[in-house]
Amino acid sequence: MNISGKTKVVGIFGYPIAHSLSPLLHNAAFEKLKMDFVYLPFLIKPPELKRAVQGIKALNLIGINVTVPHKQAIIPFLDELSPEASLIGAVNTVHHCQGKLIGYNTDGAGFIESLSQEGGFDPRGKRVLLLGAGGAASAITFSLVEKKVSELFIANRTFKKAQELVDRLKKTASSSCYLAPLKLGELSGTNLLPKIDLLINATSLGMFPEDPPPLSPHWLLSSLFYYDVVYNRRTQLLKAAADKQIRYLDGQEMLIHQAALSFNIWTNQKAPLRKMRRVIQEKGG
Ligand SMILES: NC(=O)c1ccc[n+]([C@@H]2O[C@H](COP(=O)([O-])OP(=O)(O)OC[C@H]3O[C@@H](n4cnc5c(N)ncnc54)[C@H](OP(=O)(O)O)[C@@H]3O)[C@@H](O)[C@H]2O)c1
């Protein structure tokens, strides 16, 4: 990497940030395409967020990614939001363009693109059960509704959060699908699972080796497609899906595709997906 006076700077704001794979992904992409860009991690404590966002303009950065815990908190400091970011209520990408800071959310679209391009699964008209109601769940469910799934069940440990997400989804103009909140712990008592086409783990369960699965592997039926958004390890459910030869994808694909969409926003160039996938695999994540 040759940094010169002309090198353009992008980066990521988060707290913590040391674990982030985004610098690896983007710098590999810039290197592959011989682009004079560099991607840096910025450790930004919550009380410093406003000043850090002002710094994007002051330092003439091209843009940034935004991760935990700033995805919602950053919104009041931006000049404009894309329709997706506005609907989802969270931003993971900022573009500094013509003096303005524009917020985007590429998590949901990254999920959908990976599902169709890498998984060969078209969500239109499908019945979906999504576990979780946090940030990832929110981005994914708005994109699934936009893609016209027919039924979307959202099961969360804290039922109230599932209910609130369903209420927000119902307000979207394109929401013609059947939406229902559920309590995660009560799923096995229902007869829902045999009817599901796509099962998604969007909880953080599985990030640590001692985590129990959010649902018994018994419920991984051969008729469904399983998507686990956890990207730092193969979760118990993912391993069970592989053992049962069920179609599945892991969170690395969503990570790569959301990064590729951010890359495109900043550079107007198509990201080298294969190169990005290779560096993640080499990292052993
Ligand atoms: N692949 C990607 O590109 C990508 C992008 C974003 C996030 N992610 C991953 O998605 C996962 C969720 O991230 P997030 O940002 O949505 O986090 P978040 O906003 O903190 O939400 C966490 C979710 O997990 C649930 N949960 C946490 N601990 C649980 C437990 N012990 N039992 C049952 N449910 C539990 C929470 O339920 P409650 O509401 O009951 O607390 C909530 O629904 C993480 O693994 C993250 O790394 C992946």
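Start at 1 and go down the list; that is how both ligands and their atoms are numbered.
Within the listing of ligand 1, atoms 45 (O) sit less than 4.0 angstrom from a heavy atom of V230. Here is the list of ligand 1 atoms found below 4.0 Å of a heavy atom in M207: 44 (C), 45 (O), 47 (O).
Residue contacts with ligand 1: G251 is placed with a nitrogen or oxygen under 3.5 Å of a nitrogen or oxygen of the ligand (distance criterion only). For ligand 1, the polar-atom distance check finds an N/O of N156 within less than 3.5 Å of one of the ligand's N/O atoms. Geometrically, ligand 1 and G135 share a nitrogen or oxygen pair separated by less than 3.5 Å. Considering backbone and side-chain atoms alike, Q252 places every N or O at 3.5 Å or more from each N or O of ligand 1. Looking at S204 next to ligand 1, an N or O pair under 3.5 Å apart turns up. Among the atoms of L205, none of the N or O lies under 3.5 angstrom from an N or O of ligand 1. On a distance-only criterion, Y231 and ligand 1 share no N/O pair closer than 3.5 Å. For the pair G132 and ligand 1, the shortest N or O to N or O distance does not fall below 3.5 Å.
Counting protein heavy atoms only, atom 25 (C) of ligand 1 is closest to T203 CB, 3.8 Å. At the shortest separation from atom 40 (O) of ligand 1 among protein heavy atoms lies T158 OG1, 2.5 Å. Looking from atom 5 (C) of ligand 1 to the surrounding protein, the closest heavy atom is M254 CE, 3.7 Å. For atom 16 (O) of ligand 1, the closest non-hydrogen atom on the protein side is A136 N, 2.8 Å. Nearest protein neighbour of atom 34 (N) of ligand 1, counting heavy atoms only, is R157 CB, 3.8 Å.
Looking at S22 and N65, their side chains never bring a donor and an acceptor atom within 3.5 Å of each other. Q269 and N264 are not linked by any side-chain donor-acceptor pair at a separation below 3.5 angstrom, with hydrogens and angles left out of the test. Side-chain contact, Y226 with D228: a donor N or O sits under 3.5 Å from an acceptor N or O. Between the side chains of Y227 and S114, at least one donor-acceptor pair of N or O atoms lies under 3.5 Å. There is no side-chain donor-acceptor pair under 3.5 Å between E31 and N27.
Using modelled atom types, no side-chain atom of Q281 and backbone atom of R278 make a donor-acceptor pair closer than 3.5 Å. At least one donor-acceptor pair under 3.5 Å links the side chain of T203 to the backbone N or O of L205. Looking only at distances, no side-chain donor or acceptor of D197 sits under 3.5 Å from a matching main-chain atom of K126. A donor-acceptor pair under 3.5 Å links the side-chain atoms of K183 to the main chain of R157, judged by distance alone.
For atom 14 (P) of ligand 1, the nearest protein heavy atom lies closer than 4.0 Å.
Residue contacts with ligand 1 do not include P214, since none of its heavy atoms lies under 4.0 Å from the ligand.
Contact annotation: for K161 versus ligand 1, heavy atoms closer than 4.0 Å belong to the side chain alone.
Comparing L255, V229, L215, L130 against atom 48 (C) of ligand 1, the shortest heavy-atom distance belongs to V229. The option from G206, G134, A202 that lies nearest to atom 12 (C) of ligand 1, judged by heavy atoms, is A202.
Using cut-offs of 30° and 60° on the angle between ring planes, the pair W266 and Y39 is tilted.
No continuous path of ILVMFWY side-chain contacts below 4.5 Å connects L261 to L87, so the two sit in separate hydrophobic clusters.
Applying the side-chain contact (heavy atoms from CB on, under 4.5 Å) test to Q236 and every residue at least two apart in sequence or in another chain returns P213.
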